[in-house]
2 protein chains.
Amino acid sequence: MVLDCLSDPTRLAIVYNLAKYDSASTELRCGDFNAFSGKSNLAYHFAKLREAGLVQTRIAGTTRYMRLRRADLDARFPGLLDVILASAARDADRLQFPECEVVAAS
Amino acid sequence: MVLDCLSDPTRLAIVYNLAKYDSASTELRCGDFNAFSGKSNLAYHFAKLREAGLVQTRIAGTTRYMRLRRADLDARFPGLLDVILASAARDADRLQFPECEVVAAS
DNA sequence: TCGATAGTTCAATAAACCTTGAACATCGGG
DNA sequence: CCCGATGTTCAAGGTTTATTGAACTATCGA
């Protein structure tokens, strides 16, 4: 299920960016990914990521902050996320990952 | 593409068994997987595994021996295969992987 | 209260996927 | 030269998937 999730380019790009900013301890809003695709398509992918246990959502008012469930994943599938993210980082240019336009929290 | 391949339970089971017998340096025939599914369905999955570069086929007479392309994979996606196989081995019982009925080479 | 914003949900469509069975090609043994 | 065995290829089906736009809910600020 996790592999299926990460085999989709849009979702891999989301996870890739979540990981990048997670290490910078900056929370990302759903809207930060608006460049990736249409909003409803993103909601679809977010739901899949949540179902697969890859991502966690914190609701604050009208915006939702997403966070990678790194600890849970490392416990369940040790090393998997690191290996996949490392490979993704290595050919990030070939994959043409979109970048998030992060907006500072209010 | 590799992730997509491994996200299918049938193909993951094939790769899992290939890895198991590969370390025992025993080649597996396509027919060794006949318990997994119908022959034509297996041919379909074998083709996908070949396309994704996960597997290599050696033709000897009328039978085909399959081998994991471990070196190539480790070069392209370092650690990925090991991590996935380790996770697969850890809950092999939950996944209910079929076992190969290996027939000694003639 | 009104309007704008953030996301989700729903319905619909096109593409990809898995599975099946029948037909086919190929090799080895009698 | 057939026969049986090994796999592949093809056509058909049913299911899942990704994507889109429109409708909807909920929150915040003026």
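Just so it is clear: chains get the letters A, B, ... in the order the sequence lines come, proteins before strands, and each one is counted from 1. All figures in this text were calculated on a predicted structure; none of them were measured in a lab. Values reported hereafter were calculated over all heavy atoms of this structure, with side chains retained and with hydrogens, waters and symmetry mates removed.
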Interatomic distance, A:L42 CG vs D:dA18 P [rounded to whole Å]: 13 Å
4.5 Å side-chain heavy-atom contact, A:L54 and A:L73: yes
Tell me which donor-acceptor pairs under 3.5 Å the side chains of residues 92-100 of chain B have, and how far apart each pair is, sequence neighbours excluded?
residue	atom	partner	partner atom	Å
B:E99	OE1	B:K20	NZ	2.6
B:E99	OE2	B:K20	NZ	3.1

Contact list (N/O, under 3.5 angstrom) for nucleotides 21-30 of chain C vs protein:
residue	atom	partner	partner atom	Å
C:dG21	N7	B:S40	OG	3.3
C:dG21	O6	B:S40	OG	3.1

Separation of A:E51 atom CD from C:dT9 atom C1', in whole Å? 13 Å
Tell me the salt bridge (Lys or Arg N to Asp or Glu O under 4.0 Å) pairs involving residues 76-86 of chain A, sequence neighbours left out? A:R70-A:D82, A:R76-B:D91
Proximity to DNA chain C (any heavy atom under 4.0 Å), residues of residues 2-16 of chain A only: none
Flag, side chain of A:R64 to backbone of A:T57, donor-acceptor distance under 3.5 Å: no
Nearest to the side chain of A:K39, heavy atoms from C-beta on, is which of C:dC18, D:dT8, C:dT8? C:dT8
Sub-3.5 Å donor-acceptor pair from the side chain of B:N17 to the main-chain atoms of B:I14, do we have one? no
B:Y44 side chain, from C-beta outward: closest of D:dG7, C:dC18, C:dT8: C:dC18
Can you give me the N/O atom pairs linking the protein to nucleotides 11-16 of chain D at distances under 3.5 Å, or say none if there are none?
none

Among D:dT19, D:dT8, C:dT8, which is the nearest nucleotide to the side chain of A:R64? C:dT8
Rounded distance (Å) that lies between atom P of D:dT19 and atom CG of A:N34: 15 Å
Taking CZ in A:R67 as the centre, count heavy atoms belonging to other residues, nucleotides or ligands within less than 6.0 Å. Is the count above 12? no
Just by modelled atom types, is the A:R29 backbone N or O under 3.5 Å from a matching donor or acceptor in the A:D32 side chain? yes
Under 3.5 Å, side chain of B:N41 to main-chain N/O of B:S37, donor-acceptor pair present? no
Is any side-chain nitrogen or oxygen of A:H45 closer than 4.0 Å to OP1 or OP2 of D:dT17? no
Where at least one partner belongs to residues 34-61 of chain A, residue pairs that pass salt bridge (Lys or Arg N to Asp or Glu O under 4.0 Å), sequence neighbours excluded: A:E27-A:R58
State, with a plain yes or no, whether a side-chain heavy atom of A:L3 is found less than 4.5 Å away from one of B:D8. no
